[in-house]
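It should be emphasised that the depicted structure is a prediction, and the values quoted were computed from it without experimental measurement.
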Amino acid sequence: MINLIVGSQWGDEGKGKVVDFLGKTADVAVRFHGGNNAGHTVVIGYKKYPFHLIPSAILNRRVVGVIANGVIVDPQVLIEEIDLVEKDGISLKNKLIISDRCHLIMPYHKALDEAYENARGKNKLGTTRRGIGPTFADKVSYNGIRFYELVNWDSFVEKFEFQAKIKNKILKLFGVKPVDIKKALVVYKKIRTRLLPYIKDSYQVLKEAVAAKKNIVLEGAHGVMLDVDFSPYPFATGSNVISGAVNTGSGILENKIDNTWAVVKAYLSRVGAGPLPTELFGKTADEIRDRGHEYGTTTGRPRRIGWLDLEAVKFTTGLTGANKIVLTKLDILSGLKEVKVCVGYKYGGKDIPASSCGYLELAKLNPVYKSFPGWSEDISQVRRFEKLPKNCQNYIQFIEKFLKIPVALVSVGAEREANIIRK
Ligand code: IMP
């Protein structure tokens with residue numbers, strides 16, 4: 001069985017928890033795109049694991065975690081994550097695989113991300129400053145350096161010196177401190193020794209796992225509204241987020257996927273800049289932000305908050321071919337007198353589909369709302385749909401009817417068990 005989990009909004013939908021839930025029966029968990037701009041938090045008891053690179057289902061005993069070729073990797077961050085897990089007595093030897101095709105996020109990529117953002121001034125994109133855009137840019141312009149080179153050390157030294165010298169010239173133009181090439185090479189030598197045991201041809205591992213009909217969980221990162229092609233570009237991340245990214249990012253064929261779980265948060269959040277039609281300000285936004293702990297896992301930034309935008313979700317679930325919805329953080333809406341969802345956009349008095357909107361239209365259009373009476377009960381202990389307040393049931397049923405996709409799982413709290421599983 002192959003399960004794909006994909007974020008259906010602007011990221012931070014609560015994918016980590018769903019991955020962990022499906023991971024219980026998984027043999028292999030795969031990251032296939034993005035980098036450490038993503039952040040998935042898994043809560044076990046009182047312990048929180050904020051993963052950025054390691055597939056979050058790895059905490060389940062029999063799971064092998066694969067960082068497949070589509071992921072760009074900051075090796076220092078990866079080592080910190082390995083240490084965090086191993087400190088708790090979970091050995092990752094033979095449990096974690098990194099593709100030799102993964103590109104490395106280098107110090108100059110991070111410096112360039114920062115320099116571009118600062119130069120944009122008031123037009124900042126609000127990137128995570130993890131070097132994502134510059135690393136993907138180097139990848140497609142044949143200037144990237146992969147784990148393959150890290151294995152073949154002499155090639156690494158040659159390529160790193162060449163790239164770093166050029167990047168240092170660009171950094172100088174930005175007035176930013178250049179990378180110390182000699183010092184960096186000493187660091188990378190150590191990194192190489194540490195990570196060598198994990199580096200493999202992940203395609204072979206995954207091909208065999210698919211052939212053996214293993215349970216595979218594909219951990220999507222970010223959200224489809226950030227997809228480099230289908231977002232309101234340039235308010236995007238550097239990779240494709242739609243299901244086609246599974247094929248390019250891991251080699252697993254898209255038609256082998258059995259289920260695509262679209263993770264939808266019961267409201268909306270966004271980090272970074274860019275238009276957000278249903279954005280909320282003031283008391284309701286503050287209340288939701290605080291109750292939902294809506295501060296970035298990666299950057300700690302307070303997230304922007306909005307009502308659930310079903311027009312956008314209809315677009316993104318179409319792009320991913322989702323056949324199941326996971327509705328997360330529904331408990332956070334408890335106590336609101338009124339809950340709204342956006343069911344369409346009006347632009348210049350006419351209907352406009354989300355797919356036709358660039359950032360200019362998104363900034364100007366008017367969302368069409370449907371309003372629901374709220375519910376006051378705490379629902380975090382509820383485990384059966386019928387036990388939810390009637391208004392809350394109505395909200396869920398409206399979402400599945402609108403999207404024409406069943407809501408298969410409802411998350412009502414941060415704990416591992418706080419779920420309502422529907423048939
Ligand atoms: P970058 O991916 O760091 O280049 O940032 C580009 C945009 O994508 C920024 O608005 C980020 O805040 C956003 N972004 C990237 N990854 C995630 C994610 O996993 N969750 C939420 N926002 C993200």
Side-chain angles (χ1 to χ4, degrees), residues 6-13 34 37-38 113 116-129 132-133 221-242 262-289 292 294-296 298-299 301-320 329 339-371 402-403:
V6 54
S8 302
Q9 293 153 306
W10 275 266
D12 308 313
E13 297 93 352
N37 46 348
D113 196 359
Y116 270 111
E117 272 294 82
N118 290 338
R120 286 184 188 114
K122 67 174 179 39
N123 295 322
K124 275 187 195 21
L125 299 175
T127 74
T128 58
R129 302 187 183 222
I132 304 299
H222 329 298
V224 175
M225 287 306 288
L226 293 166
D227 183 279
V228 70
D229 284 286
F230 289 99
S231 63
Y233 185 92
F235 299 102
T237 187
S239 57
N240 279 116
V241 182
I242 57 171
V263 185
V264 178
K265 189 150 64 180
Y267 52 92
L268 193 97
S269 73
R270 165 86 160 103
V271 280
L276 201 59
T278 63
E279 185 160 14
L280 277 166
F281 300 95
K283 200 167 145 265
T284 311
D286 293 344
E287 237 178 273
I288 294 176
R289 184 180 302 107
E294 295 294 352
Y295 298 89
T298 305
T299 57
R301 289 180 287 181
R303 294 176 184 148
R304 297 157 69 194
I305 302 293
W307 292 123
L308 173 57
D309 183 345
L310 285 181
E311 175 56 35
V313 174
K314 195 170 65 179
F315 173 44
T316 62
T317 48
L319 281 166
T320 54
K329 291 194 139 180
V339 178
K340 287 191 192 177
V341 292
C342 168
V343 292
Y345 296 156
K346 288 266 184 216
Y347 182 69
K350 290 195 184 122
D351 291 342
I352 184 170
S355 67
S356 306
C357 297
Y359 61 93
L360 298 171
E361 290 80 9
L362 281 182
K364 283 197 198 136
L365 58 75
N366 292 310
V368 180
Y369 286 111
K370 179 167 170 61
S371 170
F402 186 91
L403 296 173

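Considering all non-hydrogen atoms of both residues, Ser239 and Gly34 come closest at OG-N, 3.4 Å. Scanning all heavy atoms of the two residues, the minimum distance from Gly274 to Arg304 falls at O-NH2, 2.7 Å. Closest non-hydrogen pair, Ile132 versus Asp113, comes out as N-OD2, 3.7 Å. Counting all heavy atoms, side chain and backbone alike, Tyr267 lies closest to Gly306 at CB-O, 3.5 Å. The two residues Tyr369 and Pro367 come nearest to each other via the heavy atoms OH-CG, 3.7 Å. Smallest separation of non-hydrogen atoms from Val241 and Val6: O-CG2, 3.8 Å.
The ring pair (Phe, Tyr, Trp, His ring centres under 6.0 Å) search around Phe230 returns none, not counting sequence neighbours. Listed by chain and residue number, Arg289 satisfy the salt bridge (Lys or Arg N to Asp or Glu O under 4.0 Å) test with Asp286 (two or more places apart in sequence, or in another chain). Every side chain to side chain donor-acceptor pair (under 3.5 Å) that Asn240 has, sequence neighbours left out, goes to Asp227, Asp229. Leu125 is linked by a side-chain contact (heavy atoms from CB on, under 4.5 Å) to Glu117, Arg120, Thr127, Pro234, Phe235, counting only residues two or more places apart in sequence or in another chain. For Thr237, the side chain to side chain donor-acceptor pair (under 3.5 Å) partners two or more places apart in sequence, or in a different chain, are Asn37. Take Arg129 and apply the side chain to side chain donor-acceptor pair (under 3.5 Å) test, not counting sequence neighbours, and it matches Glu114, Asn118. Considering only residues two or more places apart in sequence or on other chains, Lys265 meets the side chain to side chain donor-acceptor pair (under 3.5 Å) condition with Ser269, Glu294. Remark: Tyr116 pairs with Phe174 by the ring pair (Phe, Tyr, Trp, His ring centres under 6.0 Å) rule, at least two apart or across chains. The side-chain contact (heavy atoms from CB on, under 4.5 Å) test applied to Ala236 returns Ser231, Tyr233, not counting sequence neighbours. Contacts of Glu311 classified as salt bridge (Lys or Arg N to Asp or Glu O under 4.0 Å), with partners at least two apart in sequence or in another chain: Lys314. Applying the salt bridge (Lys or Arg N to Asp or Glu O under 4.0 Å) criterion to Arg301, with sequence neighbours excluded, gives no partner residue.
Side-chain contact between Pro277 and Leu362 is present, with heavy atoms from C-beta onward closer than 4.5 Å. Looking at heavy atoms from C-beta onward, Gln9 lies out of side-chain contact with Thr316 at the 4.5 angstrom threshold. Residues Tyr347 and Leu360 are not in side-chain contact: their nearest non-hydrogen atoms beyond the backbone lie 4.5 Å or more apart.
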Working for side chain to side chain contact (heavy atoms under 4.5 Å, CB included), residues Trp307 and Val339: CA-CA 8 Å; Trp307 292 123; Val339 178; 4.2 Å; yes
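Summarising the geometry, atom CZ belonging to Arg270 is positioned 12.0 Å from atom OG1 belonging to Thr278; distances are rounded to the nearest 0.5 Å. Between the NE2 atom of His222 and the OG1 atom of Thr128 there is a distance of 8.5 Å, given to the nearest 0.5 Å. With values rounded to the nearest 0.5 angstrom, Leu365 atom CG is found 8.0 Å from Cys342 atom SG. Rounding to the nearest 0.5 angstrom, the gap separating the CG atom in Leu310 from the OG atom in Ser8 is 10.5 Å.
For residues 351-367, the set of pairs meeting the side chain to side chain donor-acceptor pair (under 3.5 Å) definition, not counting sequence neighbours, comprises Lys346-Asp351.
Formation of a donor-acceptor pair under 3.5 Å by the Glu279 side chain with backbone atoms of Leu268 is not found in this model. Here the side chain of Glu13 pairs a donor or acceptor atom with the backbone of Gly11 at under 3.5 angstrom. Without hydrogens or angle criteria, Lys370 side chain to Val343 main chain gives no donor-acceptor distance under 3.5 Å.
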